[in-house]
Amino acid sequence: MEWLVLVILGLIAGTLGSLMGLGGGIIVVPALMVLSGYIGILAGITPQVAVGTSLLIMIFTGMSSTLAYIKQKKVDYVSGSIFLTGSIPGALFGVYLNKGIEVSSFLIYFGLFIVIVSFILMIRKYLKPIKVGKKGIKREYINDLGETIQYGFSPWLAIPIAFVVGMFSGLFGIGGGSLMVPAMILLFGFPPHMAVATSMFMIFFSAISSSISHIALGNVDWLYAIALIPGAWFGGKLGAAIGQRLKSDTLVMFLRIFLVIIGARLIWQGFMGG
């Protein structure tokens with residue numbers, strides 16, 4: 001029965017992670033930490049193992065949802081590849097920072113990070129995308145209504161932002177989507193569905209690099225991973241299918257509410273002593 005809970009957790013994480021472009025780690029990591037007090041097989045799990053195992057799972061969530069989004073023609077390969085030049089080194093740096101962090105501090109910092117991201121999404125309509133200079137990269141996207149939407153970014157700004165995103169990915173095991181998706185929408189004017197799909201494309205590759213580092217450090221519990229992977233794979237496809245049917249504003253609203261709930265729960269648990 002306890003292993004079945006992990007299978008269901010993988011499905012939920014994969015579905016919501018793919019739907020919102022988060023990768024599922026923002027669900028898996030806090031869930032493993034919270035459930036450790038109620039499920040015997042998770043007793044004594046450390047932040048390092050939760051993060052390392054989560055990043056391994058995200059390889060499968062990322063691959064599954066990316067394949068689905070490719071069929072929908074919503075992945076921006078050019079932008080995603082440029083962002084990866086910053087996020088992969090950042091992810092490796094985040095793995096290094098994760099090594100000595102304590103449970104209570106980890107939960108509080110993680111929770112605050114999530115709440116801040118939610119607040120940024122709340123005021124997104126009052127923020128204007130950064131103007132792209134002559135040397136910037138300009139892209140176009142034709143939505144389901146046949147409208148052409150223009151967006152773009154300057155690599156000199158996008159790559160450092162992606163590095164910070166990757167750092168949080170390696171540190172917290174979240175895949176970076178919880179920060180990259182808002183950054184793409186707010187700073188660079190990405191259409192929400194395009195931002196989510198491109199984020200999952202990035203998460204697949206960044207999760208590979210950071211999970212290899214965590215495996216080398218012994219931070220992956222393979223039994224947990226085996227239980228979580230099947231649900232994460234099918235959840236990735238399910239989330240992409242659901243996302244295709246949601247309006248952009250609805251997608252952002254769900255993302256914001258979800259982040260506030262998770263963030264508040266983590267902060268409370270951190271102050272209660274982990």
Side-chain angles (χ1 to χ4, degrees), residues 2-3 5-7 9-14 17 22-37 39-64 84 87-111 113-114 163-180 200 202-233 235-236 262 266 269-270 274:
E2 292 181 337
W3 292 107
V5 172
L6 292 184
V7 174
L9 171 61
L11 180 64
I12 294 172
L22 307 180
I26 204 166
I27 301 164
V28 172
V29 175
L32 290 177
M33 299 303 296
V34 170
L35 292 174
S36 64
I39 297 180
I41 57 174
L42 294 177
I45 189 171
T46 64
Q48 288 76 20
V49 171
V51 168
T53 304
S54 170
L55 285 166
L56 180 66
I57 304 308
M58 278 188 292
I59 295 175
F60 297 90
T61 305
M63 181 189 298
S64 173
L84 279 170
S87 65
I88 289 178
L92 297 177
F93 181 59
V95 172
Y96 170 77
L97 294 177
N98 174 272
K99 287 193 293 186
I101 196 166
E102 298 178 353
V103 175
S104 296
S105 299
F106 175 84
L107 294 172
I108 294 170
Y109 295 147
F110 194 5
F113 165 74
I114 293 173
F163 178 89
V164 174
V165 168
M167 181 188 70
F168 281 114
S169 169
L171 176 62
F172 294 133
I174 57 175
S178 57
L179 189 57
M180 199 66 218
M200 293 308 300
M202 291 174 55
I203 283 169
F204 170 60
F205 289 100
S206 62
I208 290 175
S209 61
S210 50
S211 63
I212 289 173
S213 299
H214 276 289
I215 289 171
L217 293 169
N219 290 342
V220 173
D221 188 302
W222 293 99
L223 289 178
Y224 299 161
I226 290 171
L228 289 163
I229 285 171
W233 174 268
I262 292 293
L266 286 171
Q269 187 180 1

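Hydrogens, waters and symmetry mates are skipped; everything else that's a heavy atom, side chains included, is used.
Side-chain contact check for Tyr224 versus Ile57: every heavy-atom pair is 4.5 Å or farther apart.
Between atom CD1 of residue Ile208 and atom CG of residue Leu56 there is a gap of 10.0 Å, rounded to the nearest 0.5 Å. The OG atom of Ser206 sits 9.5 Å away from atom CD1 of Ile59, with the distance rounded to the nearest 0.5 Å. Going from atom CG of Leu97 over to atom CE of Met167 covers 6.5 Å, rounded to the nearest 0.5 Å. Considering OG1 of Thr61 and CH2 of Trp233, their distance stands at 9.5 Å, rounded to 0.5 Å. Between the CE atom in Met202 and the OG atom in Ser87 there is a gap of 4.0 Å [rounded to 0.5 Å]. Put simply, CG on Leu217 and CD1 on Ile212 are 12.0 Å apart, with the number rounded to the nearest 0.5 Å.
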Mind running side chain to side chain contact (heavy atoms under 4.5 Å, CB included) on Leu32 and Leu6 for me, showing each step along the way?
-> CA-CA 9 Å; Leu32 290 177; Leu6 292 184; 4.1 Å; yes

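Scanning both residues, Leu55 and His214, for their nearest heavy atoms gives CD1-CD2, 3.3 Å. Closest heavy-atom contact between Ala13 and Val28: CB-CG2, 3.5 Å. For Pro230 against Ala227, the heavy-atom pair with the smallest separation is CD-O, 3.7 Å.
Between the Thr53 side chain and the Asp221 main chain, a donor and an acceptor come within less than 3.5 Å of each other.
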